[in-house]
Amino acid sequence: MTTQVSHPYFPRDLLLPHYVANTLEMDYILTVLFSTFGIILLVAGVIIIRKPQISTSGRVIFMWCVICGFIHLFLEGYFAVFHSSLAGDQGLFGQVWKEYSKGDSRYLSSDSFVVNMERITAFIDGPLAFYTAYAIYTNSPGRHVGQITLSICQLYGCVLYYLTTLFEGSPHCDPHPLYFWFYFVVMNAFWTIIPIILIKQSWSAIYRGMALAQKATSSKKRK
């Protein structure tokens, strides 16, 4: 017979027999997490500011791609590898995921959609984000190919992430405003809103490039 272990997650009858409560306080976890993000963005900003030929928007997108690369490859990669043991994980990354899971408990129950979505995000989107950042830094022609591919992957994954639980009535989400609105909604909204903006930008850039290429080809044929 399975023994149900008390835990703070929804639904309340979710079985997590290997669950161990966090030893770190929520304030500490969030401070460490967002401070780390801030340091990464600061270093990325220092790196890209040395490239005066890159526009302000290009610098911001570079910083976005760098932070995405670290989050996807390392934080989400940790989940993708250790998802089955996260409920009892007392390492820093494990406790970060247990705190976040108050907004979506699927991360502790090895939900098949979430596991496979995060594997794709970690091991495809992560390297792709770093490639796009490098392409921006070097002014590579492949920049917009990487940017639009990354953004479509992020947008598609995030939309499915929202819809698969909202369709069921959000049974995996703690209704507390902090956990539902901040953890589940706001912390994921960046990967919905920003990719839409970048898809539009890259679509326009690729369209203009193809129009110029066609014009140049037509001019050569006429000559």
Determine, using the 4.5 Å side-chain heavy-atom cutoff (strictly less than), whether [X] and [Y] are members of one ILVMFWY cluster.
{"X": "F93", "Y": "F34", "result": "yes"}
{"X": "V159", "Y": "Y162", "result": "no"}
{"X": "V145", "Y": "L150", "result": "no"}
{"X": "F190", "Y": "L155", "result": "no"}
{"X": "I39", "Y": "I67", "result": "yes"}

Can you give me the closest heavy-atom contact between [X] and [Y], atom names plus distance?
{"X": "P8", "Y": "R12", "value": "C-NH1, 3.3 Å"}
{"X": "D125", "Y": "C153", "value": "OD1-CB, 3.3 Å"}
{"X": "P11", "Y": "H7", "value": "O-CE1, 4.1 Å"}
{"X": "I199", "Y": "S151", "value": "CG1-CB, 3.5 Å"}
{"X": "C65", "Y": "T132", "value": "SG-CG2, 3.7 Å"}
{"X": "G157", "Y": "M117", "value": "O-CG, 4.3 Å"}

_Is there a side chain to side chain contact (heavy atoms under 4.5 Å, CB included) between L166 and F184? Walk through the geometry before answering._
CA-CA 11 Å; L166 291 175; F184 179 67; 4.2 Å; yes
Does a sphere of radius 6.0 Å around [atom1] in [X] hold more than 12 heavy atoms from other residues, nucleotides or ligands, not counting ones at 6.0 Å or beyond?
{"X": "E25", "atom1": "CD", "value": "no"}
{"X": "F37", "atom1": "CZ", "value": "yes"}
{"X": "F167", "atom1": "CZ", "value": "no"}
{"X": "I196", "atom1": "CD1", "value": "yes"}

Using only heavy-atom distances, determine whether the side chains of [X] and [Y] contain a donor-acceptor pair under 3.5 Å.
{"X": "Q154", "Y": "H72", "value": "yes"}
{"X": "R106", "Y": "T164", "value": "yes"}
{"X": "D174", "Y": "Y183", "value": "no"}
{"X": "E76", "Y": "T121", "value": "no"}

Rounded to the nearest 0.5 Å, what separates atom [atom1] in [X] from atom [atom2] in [Y]?
{"X": "I71", "Y": "M187", "atom1": "CD1", "atom2": "CE", "answer": "8.0 Å"}
{"X": "D104", "Y": "F180", "atom1": "CG", "atom2": "CZ", "answer": "10.0 Å"}
{"X": "R59", "Y": "I136", "atom1": "CZ", "atom2": "CD1", "answer": "12.5 Å"}
{"X": "I124", "Y": "T149", "atom1": "CD1", "atom2": "OG1", "answer": "11.0 Å"}
{"X": "Y179", "Y": "F182", "atom1": "OH", "atom2": "CZ", "answer": "12.0 Å"}
{"X": "L92", "Y": "Y78", "atom1": "CG", "atom2": "OH", "answer": "9.0 Å"}

*With sequence neighbours excluded, tell me which residues meet side-chain hydrogen bond (donor to acceptor under 3.5 Å, both in side chains) with S55.*
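Listed in chain order: S57.
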Any non-hydrogen side-chain atom of [X] less than 4.5 Å from a side-chain atom of [Y]?
{"X": "R143", "Y": "T138", "result": "no"}
{"X": "L178", "Y": "M26", "result": "yes"}
{"X": "L198", "Y": "I61", "result": "yes"}
{"X": "K98", "Y": "L108", "result": "yes"}
{"X": "F62", "Y": "I54", "result": "no"}

*For the pair S202 and Q147, evaluate side chain to side chain donor-acceptor pair (under 3.5 Å) and give the outcome as yes or no after the intermediate values.*
CA-CA 7 Å; S202 291; Q147 181 173 305; 2.9 Å; yes
_Check against side chain to side chain contact (heavy atoms under 4.5 Å, CB included), V96 and E99_ = CA-CA 5 Å; V96 166; E99 178 62 29; 5.9 Å; no
*What pairs meet the ring pair (Phe, Tyr, Trp, His ring centres under 6.0 Å) rule with one or both residues in residues 105-153, with sequence neighbours excluded?*
F70-F130, F79-Y107, W97-Y107, Y100-Y107
_Please determine whether side chain to side chain contact (heavy atoms under 4.5 Å, CB included) holds for the pair V66 and L41, giving the CA-CA distance in whole Å, both sets of side-chain angles, and the decisive distance to 0.1 Å._
CA-CA 8 Å; V66 170; L41 288 171; over 6 Å; no
*Where do Y156 and L160 land on the side chain to side chain contact (heavy atoms under 4.5 Å, CB included) test, with the steps shown first?*
CA-CA 6 Å; Y156 185 64; L160 287 179; 3.6 Å; yes
Donor-acceptor check, side chain of [X] to backbone of [Y], threshold 3.5 angstrom: yes or no?
{"X": "S85", "Y": "F82", "answer": "yes"}
{"X": "K102", "Y": "Y9", "answer": "no"}
{"X": "Q95", "Y": "L24", "answer": "yes"}

*Who are the side chain to side chain contact (heavy atoms under 4.5 Å, CB included) partners of I197, not counting sequence neighbours?*
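Expected list: I193.
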